[in-house]
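Below: one structure, written as structure tokens.
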Amino acid sequence: MIILWLSLGILVVTIVHSASKMGIDIDDPVMDVHDKSLVIHFPFVIKNYGYYKVVDVNLTTVLYEPNGDEVIRGQTMIPLVPEGKEEKAVHNISFHMENLISKSEKYMFEDLNLTLVTFVSISFEHMVSFHAKYNTTFNWGAPLYNFSIGKIMFRDVNETSCELSFPLSFENHSPYLAVSGTIKIEIYNGNHEKIGESVELIDVQSNSVYYKHLSILVDSTKVTPSGTIQLSFQTSMFDFGPLVFEYETA
Amino acid sequence: MKLLDISKKELVFRSVKAALKGFLVYIVFFIFFVLIQPFERFLGKFNVLINSFLVIFIILTVLAEFFSKTILHYFFAFARDLTIMVYPIVMSEFGMIKFSVENILLTIDITTILFIVILISLISIAKDILGAIDFLNTKFEKELTIAKS
């Protein structure tokens with residue numbers, strides 16, 4: 001009996017010592033943009049200088065909306081870290097902007113306080129498992145925050161055409177995304193006929209403001225007292241639109 | 001009914017032996033606590049529970065030793081082994097120890113260790129019960145032999 005209890009005691013003590021000799025080093029995150037996705041890479045190293053194999057290392061990050069809905073999930077599994085060894089891995093969190101927009105357009109216009117939940121679990125030879133859960137706030141900055149167009153003006157250019165102009169402004173609150181690409185502006189009259197079109201280049205870096213008077217030549221013979229302006233974004237990170245605004249000539 | 005029909009010399013010997021065993025158990029736990037010291041700050045509320053477990057364990061060990069060669073030895077040994085089995089289950093909330101450190105919720109899953117503890121405790125309990133049966137049987141046989149003669 002004493003041998004059994006002593007063996008168990010030694011097992012517990014050596015597991016505790018192994019846990020104390022373990023370390024996790026996390027490097028600075030690296031951001032990468034490709035295929036309209038923003039991927040944040042977190043390189044980390046698991047150092048197992050204990051006496052036992054570390055198995056089933058699981059790192060999961062889940063981003064939740066304030067109402068509890070899951071936004072994105074990233075998971076990294078390391079099946080085995082042998083004793084006395086180090087294992088390098090990269091944890092990726094991928095923001096696919098068009099998926100986010102398809103969930104809700106508020107990601108484009110509203111700054112949100114999302115909850116980032118990080119789960120880490122580690123098992124020593126399937127004998128003892130450690131699970132850690134850490135909650136933190138993740139501030140989502142809207143790339144088109146405070147998006148607005150100002151007063152719409154018409155100015156005759158010649159007998160067949162006139163110029164429609166309006167100020168367009170927004171703030172790129174996203175710390176990660178640059179709004180770089182084009183805005184397609186289409187003008188439709190009351191009969192849903194396209195009467196003007198233009199493409200504007202934009203390059204709005206993170207945490208900067210965009211403000212510009214846009215002018216589009218339209219066919220004055222087809223202008224009706226009211227109609228619509230449709231704005232569509234095509235950027236390296238997302239295609240978004242059309243955003244529809246009504247105009248009145250009077 | 002006399003529980004202990006022993007001489008003063010035997011009483012002193014048993015007391016010293018029981019005290020020594022209790023001290024040895026304390027030393028073993030002391031070494032165990034020294035070895036797990038790196039995690040002591042995480043124990044929190046479990047420190048009190050572990051200390052009370054230690055006190056109960058030492059008292060039952062001392063009593064079992066003091067009453068050796070009596071039926072009470074098996075009674076206290078049974079109680080001690082039952083404590084070893086049940087106390088960790090209750091203390092660890094069925095093998096899932098939960099506590100928080102600086103906004104991090106930590107869970108330690110010790111169900112496998114607990115399973116081994118239960119197995120060893122069950123063997124100990126079985127040993128105690130069989131020992132008690134053997135003790136009573138031997139005692140009865142002795143009384144029967146005396147009665148016959």
Side-chain angles (χ1 to χ4, degrees), chain A residues 1-24 26 42 44 47-62 64 113-138, chain B residues 21 24-25 27-43 46 50 54 57 61 64 77-78 80-81 84-85 88 92 95-128 130-131:
Chain A
M1 283 291 62
I2 291 171
I3 292 168
L4 284 176
W5 285 120
L6 271 179
S7 307
L8 182 65
I10 290 166
L11 177 73
V12 171
V13 167
T14 48
I15 286 174
V16 169
H17 261 244
S18 296
S20 70
K21 285 183 168 186
M22 231 195 88
I24 300 175
I26 301 168
F42 293 91
F44 65 99
K47 297 172 178 175
N48 177 19
Y49 298 137
Y51 316 113
Y52 298 99
K53 290 183 184 79
V54 170
V55 293
D56 297 343
V57 179
N58 180 3
L59 173 63
T60 305
T61 43
V62 188
Y64 291 102
N113 284 328
L114 305 175
T115 306
L116 181 67
V117 182
T118 309
F119 301 96
V120 182
S121 73
I122 287 168
S123 176
F124 288 93
E125 302 260 19
H126 299 291
M127 296 292 288
V128 176
S129 305
F130 291 84
H131 308 271
K133 185 182 170 190
Y134 178 65
N135 284 14
T136 185
T137 305
F138 182 90
Chain B
K21 199 163 182 183
L24 273 175
V25 170
I27 293 290
V28 169
F29 271 93
F30 181 77
I31 293 167
F32 181 78
F33 282 120
V34 168
L35 291 170
I36 65 162
Q37 210 170 14
F39 284 78
E40 201 186 358
R41 68 191 180 101
F42 300 121
L43 292 175
F46 296 104
I50 291 169
L54 180 61
F57 186 82
T61 304
F78 178 86
R80 182 190 59 200
D81 294 333
I84 295 173
M85 190 171 78
S92 67
M96 303 296 276
I97 301 170
K98 289 177 186 170
F99 54 95
S100 55
V101 183
E102 294 164 6
N103 202 23
I104 302 171
L105 181 70
L106 278 167
T107 308
I108 304 175
D109 181 356
I110 56 158
T111 43
T112 313
I113 297 284
L114 212 57
F115 183 69
I116 297 170
V117 168
I118 291 167
L119 273 183
I120 300 175
S121 299
L122 283 174
I123 295 169
S124 295
I125 286 169
K127 191 175 151 255
D128 296 334
L130 290 173

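Being a predicted model, the structure only gives us computed values, none of them experimental. Chain A is the first sequence line, chain B the second, and so forth, proteins listed ahead of strands; every chain is numbered from 1.
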In terms of heavy-atom proximity below 4.5 Å to chain B, should A:L11 be classed as side chain, backbone, both, or neither?
-> side chain
A:H131 side chain near B:L106 side chain, heavy-atom distance below 4.5 Å | no
Whatever's closer than 4.5 Å to a heavy atom in chain A on B:K98 counts as neither
Are A:M1 and B:I123 close enough that some pair of their side-chain heavy atoms sits under 4.5 Å apart?
-> yes
Locate the shortest heavy-atom distance separating A:Y134 from B:I104; write the atom from each residue and the value.
-> CD1-CG1, 3.6 Å
With only heavy atoms counted, which part of B:V117 is less than 4.5 Å from chain A, the side chain, the backbone, both or neither?
-> both
4.5 Å side-chain heavy-atom contact, B:T112 and A:F124 = no
If you count the non-hydrogen atoms of other residues, nucleotides and ligands that lie under 6.0 Å from CD1 in A:I3, is the total more than 12?
-> no
Identify which part of B:S121 has an atom lying under 4.5 Å from any heavy atom of chain A, answering side chain, backbone, both or neither.
-> both
Chain A shares the most heavy-atom pairs under 4.5 Å, among B:T111, B:D109, B:L119, B:I116, with B:D109
One option among B:I110, B:I84, B:I31, B:I113 has the most heavy-atom pairs under 4.5 Å with chain A, and it is B:I113
Mark yes when over 12 heavy atoms from residues, nucleotides or ligands other than B:F115 sit less than 6.0 Å from its CZ; otherwise mark no.
-> no
Quick one: closest heavy-atom pair of A:N135 and B:N103, and the distance?
-> O-ND2, 3.4 Å
Please look at A:L4 and chain B and tell me whether the side chain, the backbone, both or neither of the residue comes under 4.5 angstrom of a heavy atom of that chain.
-> both
